[in-house]
**Q** 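Please read through the structure below; I'll follow up with questions.
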Amino acid sequence: MQSGATLEKPAAAIGTALACAVLLFSGAAGVAAQVSSPNVPTIDVVDTRPAIEGMKKTLSLWIGSCDYFVVRVDDKAMSVGRIDQFRADLAQKLGSRLAGNRVTVKHYTMYLNSGVEMVSAAVAAGVGSVGGVMLGGRPAPRAKCAKEKMTAGWFDSSEVTTNKPPLITEAEIEFRGKTYRSRYVYSPEKEFNEVSGNPKYGVIKADIFRIINLDLATQIERDLP
């Protein structure tokens with residue numbers, strides 16, 4: 001059996017969603033405290049993700065590739081890793097109701113897809129950028145290829161709400177033999193550029209993971225007695 005959700009929020013709502021998630025889970029610093037707090041039940045979370053999922057990588061630098069400038073994002077600048085945060089968020093939401101049960105994380109990825117934007121930057125000035133729906137005077141981001149032709153990081157143009165390259169986050173877990181999935185496409189107001197070293201990017205990632213975690217916890221809760 002399987003369950004899943006795709007969370008899509010308009011630009012006006014995304015700040016509220018992130019703020020609500022922070023209030024629910026006390027922010028990144030709060031998650032760090034929860035990981036070792038004696039007041040929060042320990043949840044048996046097993047991480048079985050492929051090792052590469054935790055490593056930052058640009059999938060392709062070849063402009064002809066469908067994975068051109070699709071970047072797998074790691075946990076850099078976060079106060080705790082995404083799996084520890086998932087464990088803490090799950091404990092905060094469901095606590096002792098999960099006692100004696102195991103939650104297996106099979107996949108948990110985040111990708112920044114700048115492919116089309118990088119192609120536009122590479123073409124001659126006289127050619128112009130790749131066409132598309134305009135958002136804020138600039139073509140809306142879109143995936144370079146169809147979903148089945150990409151390794152990861154695909155998104156539909158209807159899922160973005162700004163003209164900046166989006167972050168695509170997907171998670172898959174298993175609980176009591178049932179698979180649960182969650183997907184969230186985040187459209188930043190400004191370019192997401194971790195190279196700058198600004199710690200705000202760690203906070204953005206933590207908030208996105210928290211939205212995914214809350215969704216997964218809510219799905220599990222529906223199946224609890």
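No experiment lies behind these values; they were computed from the predicted model shown.
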**Q** The criterion is salt bridge (charged side-chain N to carboxylate O under 4.0 Å, His left out); which residues satisfy it with R97, sequence neighbours excluded?
**A**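 Per chain and number, R97 pairs via salt bridge (charged side-chain N to carboxylate O under 4.0 Å, His left out) with E221.
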
**Q** Kindly compute the distance separating CG (L61) from OH (Y68), expressed to the nearest 0.5 Å.
**A**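 Result: 7.5 Å between the selected atoms.
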
**Q** Considering only heavy atoms from C-beta outward, does the side chain of K57 approach that of V71 to under 4.5 Å?
**A**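 SC-SC contact between K57 and V71 ruled out.
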
**Q** List in chain and number order the residues that pass side-chain contact (heavy atoms from CB on, under 4.5 Å) with K149, two or more places apart in sequence or in another chain; answer none if no residue qualifies.
**A**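 K149 satisfies side-chain contact (heavy atoms from CB on, under 4.5 Å) with C66, C145 once adjacent residues are dropped.
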
**Q** Drop me the distance from I43's CD1 to L98's CG, to the nearest 0.5 angstrom.
**A**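 Between I43 CD1 and L98 CG, I get 4.5 Å after rounding to 0.5 Å.
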
**Q** Tell me the closest heavy-atom pair linking S158 and D156, and the distance in Å.
**A**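 For S158 and D156, the tightest heavy-atom pair comes out as OG-OD2, 2.5 Å.
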
**Q** Treat each ILVMFWY residue as a node, draw an edge where side-chain heavy atoms are under 4.5 Å apart, and state whether L90 and I208 are in one component.
**A**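 In one cluster: yes.
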
**Q** With distance as the sole test, does T104 use its side chain to make a donor-acceptor pair with the main-chain N or O of I173 at under 3.5 Å?
**A**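 It does not hold such a pair.
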
**Q** Would E170 and S182 satisfy side chain to side chain contact (heavy atoms under 4.5 Å, CB included), going step by step from the backbone distance to the final call?
**A** CA-CA 6 Å; E170 297 180 331; S182 185; over 6 Å; no

**Q** Name all residues meeting the side chain to side chain donor-acceptor pair (under 3.5 Å) criterion together with T58; count only those two or more places apart in sequence or in a different chain, and write none if there are none.
**A**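 So T58 forms no side chain to side chain donor-acceptor pair (under 3.5 Å) with any residue.
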
**Q** For K178 and D223: C-alpha separation, side-chain torsions, deciding distance, then whether salt bridge (charged side-chain N to carboxylate O under 4.0 Å, His left out) applies.
**A** CA-CA 10 Å; K178 182 176 180 178; D223 290 335; 2.8 Å; yes

**Q** Please test E53 against H107 for side chain to side chain donor-acceptor pair (under 3.5 Å), starting from the C-alpha separation and ending with a verdict.
**A** CA-CA 8 Å; E53 285 194 1; H107 297 284; 2.5 Å; yes

**Q** Are L224 and L216 connected in a single hydrophobic cluster, I mean Ile/Leu/Val/Met/Phe/Trp/Tyr linked by side-chain heavy atoms less than 4.5 Å apart?
**A**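 Yes, L216 connects to L224 through the hydrophobic network.
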
**Q** Using modelled atom types only, decide if a donor and an acceptor are shared between the side chain of D75 and the backbone of R82 within a distance under 3.5 Å.
**A**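 Judged by distance alone, yes, a pair lies under 3.5 Å.
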
**Q** Could you measure the distance from the OH atom of Y184 to the CG atom of L167? Nearest 0.5 Å is fine.
**A**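 One gets 10.0 Å once the value is rounded to the nearest 0.5 Å.
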
**Q** Taking only residues at least two apart or on different chains, which pairs with a member in residues 68-97 satisfy disulfide bond (SG atoms under 2.5 Å apart)?
**A**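 Matches after skipping sequence neighbours: none remain.
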
**Q** V185 and P166: which non-hydrogen atoms are nearest, and at how many Å?
**A**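 The pair with the smallest heavy-atom distance is CG1-CB, 3.9 Å.
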
**Q** Is there a path from V105 to V46 through hydrophobic residues (I, L, V, M, F, W, Y) whose side chains come within less than 4.5 Å of each other?
**A**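 As far as the 4.5 Å side-chain criterion goes, V46 and V105 are not connected within one cluster.
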
**Q** For K106, does its backbone N or O pair with a side-chain atom of R49 as donor and acceptor, under 3.5 Å?
**A**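 No, the answer is negative, given that no donor and acceptor are paired below the 3.5 Å cut-off.
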
**Q** Kindly work out whether a path of hydrophobic side-chain contacts (I/L/V/M/F/W/Y, heavy atoms less than 4.5 Å apart) joins L59 to F69.
**A**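 No, separate clusters.
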
**Q** If you take all heavy atoms of I168 and W154, which pair is closest and at what distance?
**A**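 For I168 versus W154, the nearest heavy atoms are CG2-O, 3.8 Å.
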
**Q** Can you confirm whether Y186 sits close enough to L112 that some side-chain heavy atom of one is under 4.5 Å from a side-chain heavy atom of the other?
**A**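 No, their side chains stay 4.5 Å or more apart.
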
**Q** NZ/K144 to OG/S114 distance, rounded to the nearest 0.5 angstrom?
**A**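 So the gap between those two atoms works out to 13.0 Å.
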
**Q** Decide yes or no for V73 and K56: does some side-chain heavy atom of the first lie under 4.5 Å from some side-chain heavy atom of the second?
**A**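 V73 does not reach K56 side chain to side chain.
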
**Q** So, do D44 and N101 sit near enough that their side-chain heavy atoms are less than 4.5 Å apart?
**A**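 No, too far: nothing below the 4.5 Å cut-off.
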
**Q** What's the shortest heavy-atom distance between M78 and G202, and which atoms?
**A**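 Smallest heavy-atom distance, with atoms named: CG-O, 3.6 Å.
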
**Q** Determine, stepwise, if the pair R183 / E159 fulfils salt bridge (charged side-chain N to carboxylate O under 4.0 Å, His left out).
**A** CA-CA 11 Å; R183 181 172 185 272; E159 296 179 289; 2.4 Å; yes

**Q** Hey, mind stepping through D89 and L214 against side chain to side chain contact (heavy atoms under 4.5 Å, CB included) and telling me if it holds?
**A** CA-CA 7 Å; D89 289 348; L214 176 60; over 6 Å; no

**Q** Is the shortest side-chain heavy-atom distance between N113 and P165 below 4.5 Å?
**A**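 Not touching, per the 4.5 Å side-chain cut-off.
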
**Q** Please find the pair of heavy atoms, one from G153 and one from Y111, that lie closest to each other, and give the distance.
**A**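 Smallest heavy-atom distance, with atoms named: CA-CB, 3.9 Å.
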
**Q** Determine which pairs satisfy ring pair (Phe, Tyr, Trp, His ring centres under 6.0 Å) with at least one residue from residues 203-225, sequence neighbours left out, and list them in order.
**A**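 Passing the test, one end in residues 203-225: Y108-F209.
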
**Q** To the nearest 0.5 Å, tell me how far D215 CG sits from K93 NZ.
**A**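 Interatomic distance, D215 CG to K93 NZ, rounded to 0.5 Å: 10.5 Å.
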
**Q** Distance check, rounded to the nearest 0.5 Å: M110 atom CE versus F192 atom CZ?
**A**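 Rounded to the nearest 0.5 Å, the CE-CZ separation comes to 6.5 Å.
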
**Q** Mind checking what makes salt bridge (charged side-chain N to carboxylate O under 4.0 Å, His left out) contact with R72, not counting sequence neighbours?
**A**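 With neighbours one apart ignored, the set is empty.
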
**Q** Can you find a heavy atom in the side chain of I220 that is under 4.5 Å from one in the side chain of L94?
**A**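 In contact.
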
**Q** In terms of side-chain geometry, is the basic nitrogen of D74 or K76 positioned less than 4.0 Å from the acidic oxygen of its partner?
**A**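 Salt bridge flag = no for K76 with D74.
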
**Q** Are S187 and K164 side-chain neighbours, meaning at least one heavy-atom pair lies under 4.5 Å?
**A**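 The answer is no; the side chains never approach within 4.5 Å.
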
**Q** Would E172 and R181 satisfy salt bridge (charged side-chain N to carboxylate O under 4.0 Å, His left out), going step by step from the backbone distance to the final call?
**A** CA-CA 4 Å; E172 179 181 322; R181 296 185 178 91; 3.2 Å; yes

**Q** Has E174 got a side-chain atom pairing as donor or acceptor with V103's backbone, closer than 3.5 angstrom?
**A**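 Checking the backbone N and O of V103 against the side chain of E174, no donor-acceptor pair under 3.5 Å is found.
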
